[in-house]
2 protein chains.
Amino acid sequence: MARKAGSHAEITGPAIQDAALKLFARSGYAAVSMREIAAEVGVRAGALYLYTPDKQTLLFDMMRDHLLALDAAWDKARGGTTPPERLRVFVDFHVEYHFDLRDKVFISYMELRNLTDENFRVIQKLRRDYESELEQILADGLVTGDFHFEDVSVTTRAMLAMLLGYITWFRGGGRLGKEDIKRMHWDLARAMVRA
Amino acid sequence: MARKAGSHAEITGPAIQDAALKLFARSGYAAVSMREIAAEVGVRAGALYLYTPDKQTLLFDMMRDHLLALDAAWDKARGGTTPPERLRVFVDFHVEYHFDLRDKVFISYMELRNLTDENFRVIQKLRRDYESELEQILADGLVTGDFHFEDVSVTTRAMLAMLLGYITWFRGGGRLGKEDIKRMHWDLARAMVRA
DNA sequence: GTCTATAGATGGATAGAC
DNA sequence: GTCTATCCATCTATAGAC
């Protein structure tokens, strides 16, 4: 399995995704150049095109892979029988899963405008799949009488906005850890629907 | 007060701000060129520089003016004596004031990364002033026993995230109007702090 | 697989005519 | 006040050497 000197496909491929993730999160897709990404990886800009057809695909793949992994992880984590139990599982999963992936989540919400129309539709569908899971839990709880609120759609969006909010401000190392964030957000989510 | 033909300072100045607002909201600051802004206004790119020293100032002024107006409007609207009343006034004001300014609010949160360090500090201070108003209401309600939650800082941020969320998804013309949004968000905010 | 070199387009900003 | 013209930097993406 001899390799030519200077060949590092197994390293460079993931390194490009990591570098793009880091730089897109920090400066935004449109403000980051392929040269910057290459410099972060330690190669020249031309070498990037061995791994991606263009910059747009770099963004799209990042968002798609993130959302597919999210949906798959949720499928494994889902649980609970009554709506309050299921909400508890969802909130815990949501905070836990996103905690170490804040950059990816951040990009997946901030860079929607920079997707082509076709790519946008794909990403929106994946995101909608995930959000529907919460919507279903809230809708069920309304029917069973476990929850009390006026509108399923508005409450779902409001709760998702709240649950995603910590991603934009939380930075580790302070007085709060992951368990604090989980506990408080469950507490707030439960109160929101008067469970 | 004769004006040369082709002189329209009173028109062009605000028109540039309007065009920049519209385009920044749609495509993002970094993805919009000065030529695009000029085309939207109906002038050539060079003419923009009679009204702004550079593109960065266009963004900064937009955000600063928005936040200054927000703080001024809140100073006039504030009211209520007990924490629950004051929270009600805040939520009503917040939804009402932002309702027709969704583009400005959107930009003021999305484009923070594209400010220079110095401009960022100014904008963050203005935003912090506004957010402190809600934080104070929640802190007071905790002391009086009107509200029940664990942490002032986390709850403030969570509530602001929820209250800002509708800006990203609400588009007029559907089944919901401003009064619906106000009523439901007050209901959710009240429930969140167990008022 | 990576490099150098570069094509070709577009960006922000300025100079000078009108 | 606006336009035309342009400077110069930078960008994405490709071609061809190694």
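Labels below follow one simple rule: chain letters A, B, ... track the order of the sequence lines, proteins then strands, and each chain is numbered from 1.
The separation between A:M34 atom CE and C:dT4 atom P is 17 Å, rounded to whole Å. The CD1-P distance, from A:I16 to D:dT12, rounds to 14 Å in whole Å. Spacing between atom CD1 of B:I11 and atom P of D:dG1 amounts to 12 Å, rounded to whole angstrom units.
Considering only side-chain atoms of B:L50, the nucleotide from D:dA13, C:dC3, D:dT2 that sits closest is D:dT2. Side-chain proximity of A:R35 to C:dG12, D:dT2, C:dT6: nearest is C:dT6. Considering only the side chain of A:R44, C:dC3 comes nearest among C:dC3, D:dT4, C:dG12. Nearest nucleotide to the B:E36 side chain, out of C:dG11, C:dC3, D:dT2: C:dG11.
When only modelled atom types and interatomic distance are considered, B:D61 and B:Q17 share no side-chain donor-acceptor pair under 3.5 Å. Between B:Q124 and B:R121, the side chains place no donor N or O within less than 3.5 Å of an acceptor N or O (distance only, hydrogens not considered). Checking B:T116 against B:N119 by side-chain atom types alone, a donor-acceptor pair falls below 3.5 Å.
For D:dG1, neither phosphate oxygen OP1 nor OP2 lies less than 4.0 angstrom from any side-chain nitrogen or oxygen of B:T12. Using a 4.0 Å cut-off, some side-chain N or O of B:Y49 falls inside it from OP1 or OP2 of C:dA13. At C:dT10, none of the side-chain N or O atoms of B:S33 fall inside 4.0 Å of OP1 or OP2 (strictly under the cut-off).
A continuous path of Ile, Leu, Val, Met, Phe, Trp and Tyr side chains, each step under 4.5 Å between heavy atoms, connects B:L50 with B:V43, placing both in one hydrophobic cluster.
A:V41 comes within 4.0 angstrom of no nucleic acid atom, judged by non-hydrogen atoms across all strands.
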